[in-house]
Chemist: 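Quick one: the structure is below, questions incoming.
Order of appearance sets the numbers: ligands from 1, and atoms from 1 within every ligand. Since we're looking at a predicted model, the values are computed, not measured.
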Amino acid sequence: MIVLGIESSCDDTGAAIVNDSKEILGEALQSQEEHKQYGGVVPEIAARAHLEHVDEIISVCLQRAHINLKDIDAVAASAGPGLIGGVVVGVMTAKALSLALNKPFVAVNHLEAHALCARIANDICFPYLLLLVSGGHCQILVVKDVGSYERLGTTIDDAAGEAFDKVAKMLNLGYPGGPMIEKLASTGDDSRFTLPHPLINSGDCNLSFSGLKTAVRKIVESYSPDGILEHALLSKQDTADICACFQTTATDCLVKKLEAAIKYFKQKYPQGQDLVVSGGVAANTYLRSALKTLASRYDLTFAAPPIRFCTDNGVMVAWAGLERFRKCYTNSLDFKPRPRWPLDESAPKAPGAGGVKA
Ligand code: KG4
Ligand code: ZN
């Protein structure tokens, strides 16, 4: 079984071909540089860039895989949630290929692609507890099966990656902010500033990062002679210390909420054995190591995708497409791309050829 997957829901144009032996036969990825000057992704520019590059990315992927299009059994694409212009490009391309090749089309929920991605490199059985932390989402879920999720908590404001990006912007570190914050934090003192832990005692699994972000803003402004953020006079060490304090506090919040989720998970799903983290922020090694420690405290196995598959890529879409395809969860060609698509809504109603209509 061989599946081609296309990713275009944000600022990465990706394609990959995987098989059911968990082999990545070929992949290609282009991360758009066009947004750097704006400090965030500009949807219209992203959509145009996907359109410009998607054919080339698929061709490169096929060349690397040394296979012909006709050897592919199904074509999958991120069909939402995401920036709709880009999602449309990937979905239309996948539908056109599906029609031309007479092979099924699989509409993949981008969050499900992050959720299942760790299974390509690790032996993880259902159910497992998942922390999904990306630029657009921050959720704690039980992955019960392909297409079957229980959401335990979510952010009530910013996503974790969004908070990294906004703090990086305040510190003039460029976009995306996560990797730069992680780098600087490694030389910083995480005890220098005290930051708030929003919602920490709320007794549920919900998260909030907006107060944390505002607290960082106030610290940065306090280093400005006129109180204007952009005029802040921060030394390299000041910046590193702020990064370290922010990263540690954000991680503490995630760990605390996951701890509550683990207790629930262990009680309701005693057969579950794994704690998984995925999404762009899962590339953060400080977070990964904190979660590894947490998992071992509760006798769970910690797993995460390889770092390069944490941020958006074609492999995760191809793999999720394959997992859906082998359960016969295919989609008709009138499937409408979805800018919003909660993961716990994506449960297929009735498996079968021709499959699930949205
Ligand atoms: O999953 P992703 O590529 O896109 C979305 O689906 O949103 O995640 C991108 C996010 C960005 O906010 C980026 O700053 C964050 O992941 N990120 C990181 C790291 N690498 C990427 N955050 C913290 N530490 C990192 N090393
Ligand atoms: Zn993503």
Chemist: For ligand 1, which atoms, with element, lie under 4.0 Å from some heavy atom of Thr311?
Modeler: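 In order of number, 3 (O), 21 (C).
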Chemist: Should Lys213 and Glu162 count as an ion pair when the cut-off is N to O under 4.0 Å?
Modeler: no
Chemist: Using a strict 4.0 Å cut-off to heavy atoms of Gly177, name the atoms of ligand 1 that fall inside it.
Modeler: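 Listed by number with element: 14 (O).
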Chemist: Would you indicate whether Arg288, at its atom CZ, is surrounded by more than 12 heavy atoms from other residues, nucleotides or ligands within a distance under 6.0 Å?
Modeler: yes
Chemist: Can you list the ligand 1 atoms lying under 4.0 Å from a non-hydrogen atom of His114?
Modeler: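 Selected atoms, number and element: 1 (O), 6 (O).
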Chemist: Salt bridge between Arg48 and Glu44, side-chain N to carboxylate O under 4.0 Å?
Modeler: yes
Chemist: Do ligand 1 and Asp12 have nitrogen or oxygen atoms that lie under 3.5 Å from each other?
Modeler: no
Chemist: Counting C-beta onward and ignoring hydrogens, is there a side-chain heavy-atom pair between His50 and Thr93 closer than 4.5 Å?
Modeler: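 No, too far: nothing below the 4.5 Å cut-off.
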Chemist: In the protein, what heavy atom is nearest to atom 18 (C) of ligand 1, and what distance, to one decimal place, separates them?
Modeler: Gly178 CA, 3.5 Å
Chemist: Taking a cutoff of less than 4.0 Å between a non-hydrogen atom of the residue and any ligand atom, is Gln247 in contact with ligand 1?
Modeler: no
Chemist: Please confirm if an N, O or S atom belonging to His114, backbone or side chain, lies less than 2.8 Å from the Zn ion (ligand 2).
Modeler: yes
Chemist: Does Cys10 come within less than 4.0 angstrom of ligand 1, counting non-hydrogen atoms of the residue?
Modeler: no
Chemist: Does Leu294 reach the side chain of Phe302, with side-chain heavy atoms less than 4.5 Å apart?
Modeler: no
Chemist: Side chains of Tyr38 and Ile45: closer than 4.5 Å at any heavy-atom pair?
Modeler: yes
Chemist: Do me a favour and list the nearest non-hydrogen protein atom to atom 17 (N) of ligand 1 with residue, atom name and distance?
Modeler: Gly280 O, 3.5 Å
Chemist: Looking at Asp312, pick out the N, O or S atom nearest to the Zn ion (ligand 2) and give its name.
Modeler: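 Of all N, O or S atoms belonging to Asp312, OD1 is the one nearest the Zn ion (ligand 2).
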Chemist: Same hydrophobic cluster for Ile84 and Val42, using side-chain heavy-atom links shorter than 4.5 Å among ILVMFWY?
Modeler: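 No, because Ile84 and Val42 fall into different hydrophobic clusters, even though each may have its own neighbours under 4.5 Å.
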Chemist: Identify, for atom 2 (P) of ligand 1, the protein heavy atom at the shortest distance, and state residue, atom and that distance.
Modeler: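 It is Asp312 OD1, 3.4 Å.
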Chemist: When you measure from the side chain of Ser224 to the backbone of Val220, do you find a donor-acceptor pair of N or O atoms at a distance under 3.5 Å?
Modeler: no
Chemist: Considering only heavy atoms of Pro176, which atoms of ligand 1 have at least one such atom less than 4.0 Å away?
Modeler: 13 (C), 14 (O)
Chemist: Show me which atoms of ligand 1 lie under 4.0 Å from any heavy atom of Gly161.
Modeler: 12 (O)
Chemist: Is the shortest N/O to N/O distance between Gly136 and ligand 1 below 3.5 Å?
Modeler: yes
Chemist: Should Asp344 and Gln139 count as side-chain neighbours, where that means a heavy-atom distance under 4.5 Å?
Modeler: no
Chemist: Which protein heavy atom lies closest to atom 24 (N) of ligand 1, and at what distance to 0.1 Å?
Modeler: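 Protein heavy atom with the smallest distance to atom 24 (N) of ligand 1: Asn284 ND2, 3.1 Å.
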Chemist: Check whether any N, O or S atom of His110, backbone or side chain, sits closer than 2.8 Å to the Zn ion (ligand 2).
Modeler: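 An N, O or S atom of His110 is closer than 2.8 Å to the Zn ion (ligand 2), so yes.
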Chemist: Indicate, as side chain, backbone, both or neither, the part of Asp165 found under 4.0 angstrom from ligand 1 when only non-hydrogen atoms are considered.
Modeler: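 The answer is the side chain of Asp165.
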Chemist: Identify the closest protein heavy atom to atom 26 (N) of ligand 1: which residue and atom is it, and at what distance?
Modeler: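 So the nearest neighbour among protein heavy atoms is Glu182 OE1, 2.7 Å.
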Chemist: Considering only non-hydrogen protein atoms, determine which one is nearest to atom 7 (O) of ligand 1 and report residue, atom name and distance to 0.1 Å.
Modeler: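 Here the closest protein heavy atom is Gly135 N, 2.8 Å.
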Chemist: Does only the side chain of His137 get under 4.0 Å from ligand 1, or the backbone, or both, or neither? Count heavy atoms.
Modeler: neither
Chemist: Is any NZ, NE, NH1 or NH2 atom of the basic residue among Arg326 and Asp20 found under 4.0 Å from an Asp or Glu carboxylate oxygen of the other?
Modeler: no
Chemist: Could you go step by step and tell me if Phe246 and Phe164 meet the ring pair (Phe, Tyr, Trp, His ring centres under 6.0 Å) rule?
Modeler: CA-CA 8 Å; Phe246 168 74; Phe164 271 89; 4.9 Å; yes
Chemist: Taking the side chain as every heavy atom from C-beta outward, state whether Leu152 and Leu129 have any pair of such atoms under 4.5 Å apart.
Modeler: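 Yes, at least one pair of side-chain atoms sits under 4.5 Å.
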